[in-house]
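Structure first, commentary second.
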2 protein chains.
Amino acid sequence: MALSMSDRNLVEPVIRRLNALRRLSVEARSSLESAILEGLQSAGSGEDVISEGDPVDSIRIVLSGWLCRYKTLEDGRRQIVNFLFPGESCDAYAFLLSTIDHSIATLTPAVYSDIKRARFESLIAADSTLAEAFWCETLVNIAIQREWAVNLGRRVALERVAHLFCEIVERLRPVGMINGKSCIMPITQMDLADATGLSVVHLNRTLQEMRASGLIVLRDRVLTINDLDALKNTALYSPNYLQLYRRGS
Amino acid sequence: MALSMSDRNLVEPVIRRLNALRRLSVEARSSLESAILEGLQSAGSGEDVISEGDPVDSIRIVLSGWLCRYKTLEDGRRQIVNFLFPGESCDAYAFLLSTIDHSIATLTPAVYSDIKRARFESLIAADSTLAEAFWCETLVNIAIQREWAVNLGRRVALERVAHLFCEIVERLRPVGMINGKSCIMPITQMDLADATGLSVVHLNRTLQEMRASGLIVLRDRVLTINDLDALKNTALYSPNYLQLYRRGS
DNA sequence: CGGTAAGTTGACTCCCGTCAACGGTTGTGG
DNA sequence: CCACAACCGTTGACGGGAGTCAACTTACCG
C-alpha cells in the first residue's frame, strides 16, 4: 500500500495520545510510525475486525472511523462495552491470553493498522517507555470499563445517554475531532441503544427529551452541545477516570 | 508480624493462581511468597482499603475475605464494579497512572498483603514470567469488567443475579472455596444489589423467586446450587471470559 | 433490654421494553 | 425514470419489570 501524506496525518493522533501518557523519544515515535504505516488496513462499515473466540496474534490501532467492542448473548441481545476512537489502540498485549472474549466491529468505514505480535514485541522491547505507554492505555481502558459499569448499573436513561455523550466528547477532543461545540455522530440510534443498555425506542425518546430541554442538538449526524456543563450535571459526570493528563514519568 | 503456618496456607492460592496464568519458576514462587508475607495486613468488614482519588504507590493481594471495587455517584448511588476474592491481586501496575479512579473496600474481615511499588518492581524485574503473570491477571480483569457491562446492560434481574452467582462460583472454585455444591456467601443483600444494579427490595424478590424455583438455596450465609447447569442456562452464562485455563507459555 | 443492621413483604408508581405502524432517505435494478 | 426494498428514525399504545416508600420481623450485640 502506497504511503500518502494523509496517512501520516492519521498517525499523528496516535503518537500524540501515547506521548501524553508517557513522553516518547524521537526514535520511539518514528519507529512506531513506521510500524503503523506498514500494517495499514481499511474496512467498510459494520464489519467485524475480530470475533469472540478468535486467537489473538496482533494488535490494532485505529486511525480513522469509529469502532466498538461488543458482546452478544445467545438470543441476540448485544451490548457494546466500549468505543474505539481514532488514535486509540486495541488490545495491546492481549496476546498474553489465548483467545479474545469479545468482538470488535467497525461502526463506520475505518482505517486502522494491524501490527503483528512479533513486530509489536520488537517495537516495545527497543523502548521501555513505549511499552509503558501502551500499558497505560490498557489501564485507562479498564477505568473506562468500570465507569461503563456504573453507567449501566446506576444511572437512569437520561443520565446514561448524557454521560455517554460527555465521554465521547472528552475522548474525541484530544484527537482534534471536536469543532467548537460540535462533533460528528456517525453511528445509528441502535448503536447508541446498545451502548447504553436501552431499547432503540426508549433511546429515541430519551434523545427527544434531551433535544426538547435544549441539552443537545442532534441532526444529520452532527451532535452539538451548547452547554457542556449542563450536560455534565445531568450526567453526574466526573472526569477523573479518563486520566486525560500526564503523570510525571 | 510473626509468620505462622496459616499465613503460608493463605499464600498458596495466590501462587497457584498466578502459576495457572504463567508457569512460575521455583525461585519466582518463593520470592513472591516472601514479598507477600512481608506486607501482611488485616482489616475489618466494611473498611475502605483505598479511596477514589488516592495516589497509588503499592499493589495489594487478597489472602482471605471478600473485597470489592466500587464507585459512587454524587447522590450516593453505589455500583460495585467487581469483587476481589482470595488469591486475586488488585491493581498490579496501577501506579503507572497517577491516581485511582475507584475505591476498594472490604465486604468481610480480610487479610491482604500490601506490597510497595519499589518492592514489586524489583520482584518482577527479577523474573519476567512473574511480570507476565501479573499482566495476565490484569487482562482477565478487563474481560471480567466487560462481562459485567453486558450483565448490567442486557440481562434482566433474574438472569443478572444468576450470572453473578455463576461467576462467583467459578472464581471461588480454583482457590478451594467451594465445598461440593455450596459456598459461603458472606455479603449482604445490599452488596449483591449494588453489584447487580438492582434495588435491595427487588434483589430480595429475585432471590425469593430463585429459591422458589429451586435454582438456589441461600440460608444463613450459605449458597447451595444443586443444578449449576440450570443456573448457567437461566443466566445465559458463557465461561470463556474467565480464561480459567493456561495458555501455552 | 434497647438499638441497630439485615431481611422480608405489601402497595403503589413509573420507567422502560415490546409491538406495531408510518414516513423519509438511500440505493438498486428493471 | 420509477418501483421496490432496506434501513433508519419516529410515534402511539400497552404491559410489565423494577424502583420507592413504609412497615414489620428477626437476629445480634453491647
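All values below were derived from every heavy atom in this structure, side-chain atoms included, with hydrogens, water molecules and symmetry-related copies excluded.
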Value in whole Å for how far the [atom2] atom of [N] lies from [atom1] of [X]:
X: B/Leu207; N: C/dG7; atom1: CG; atom2: C1'; value: 10 Å
X: A/Asp220; N: D/dG9; atom1: CG; atom2: P; value: 11 Å
X: B/Glu209; N: D/dG16; atom1: CD; atom2: C1'; value: 13 Å
X: B/Arg219; N: C/dT8; atom1: CZ; atom2: P; value: 11 Å
X: B/Met190; N: D/dT20; atom1: CE; atom2: P; value: 12 Å
X: B/Ile187; N: C/dA5; atom1: CD1; atom2: P; value: 18 Å
X: A/Leu107; N: D/dC8; atom1: CG; atom2: C1'; value: 15 Å
X: B/Leu223; N: C/dG7; atom1: CG; atom2: C1'; value: 16 Å

Measuring from [X]:[atom1] to [Y]:[atom2], what's the distance to the nearest 0.5 Å?
X: A/Asn141; Y: A/Leu84; atom1: CG; atom2: CG; value: 7.0 Å
X: B/Ile100; Y: B/Asp54; atom1: CD1; atom2: CG; value: 7.5 Å
X: A/Ile80; Y: A/Ile187; atom1: CD1; atom2: CD1; value: 6.5 Å
X: B/Glu167; Y: B/Phe83; atom1: CD; atom2: CZ; value: 9.0 Å
X: B/Arg155; Y: A/Leu152; atom1: CZ; atom2: CG; value: 12.5 Å

Query raised in the report: In terms of side-chain geometry, is the basic nitrogen of B/Asp91 or B/Arg69 positioned less than 4.0 Å from the acidic oxygen of its partner?
Result: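 Result for this pair is yes, salt bridge flagged.
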
Below the 4.0 Å mark, does [N] have OP1 or OP2 next to a side-chain nitrogen or oxygen of [X]?
X: A/Gln189; N: D/dC7; answer: no
X: B/Asn204; N: C/dT8; answer: yes
X: A/Arg221; N: D/dG9; answer: yes
X: B/Arg211; N: C/dG7; answer: no

**Report entry** Under 3.5 Å donor-acceptor, A/Arg205 side chain and A/Val200 backbone
**Finding:** no

Query raised in the report: Residues two or more places apart in sequence or in another chain: which of them pass side chain to side chain contact (heavy atoms under 4.5 Å, CB included) with B/Asp101?
Result: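 Once residues adjacent in sequence are excluded, the partners of B/Asp101 under the side chain to side chain contact (heavy atoms under 4.5 Å, CB included) criterion are A/Ala143, A/Arg146, A/Tyr241, B/Lys71.
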
When you compare the protein's N or O atoms with those of nucleotides 17-20 of chain C, which come within less than 3.5 Å of each other, and at what distance?
| unit_1 | atom_1 | unit_2 | atom_2 | d |
| --- | --- | --- | --- | --- |
| C/dG17 | OP1 | A/Gly197 | O | 3.4 |
| C/dG17 | OP1 | A/Ser199 | N | 3.4 |
| C/dG17 | OP2 | A/Ser199 | N | 3.2 |
| C/dG17 | OP2 | A/Ser199 | OG | 3.0 |

Report summary line: Quick note, A/Gln208 side chain, CB onward, closest among D/dA18, C/dC16, D/dT11 is D/dT11

Query raised in the report: Heavy-atom count around A/Leu228 CG within 6.0 Å, excluding the residue itself: above 12?
Result: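 Result for CG/A/Leu228: enclosed.
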
Query - Helix axis bend for the helix from C/dC1-D/dG30 to C/dG30-D/dC1 - C1'-based end axes, five pairs, 10° rounding - result: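 Terminal axis comparison yields 30°.
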
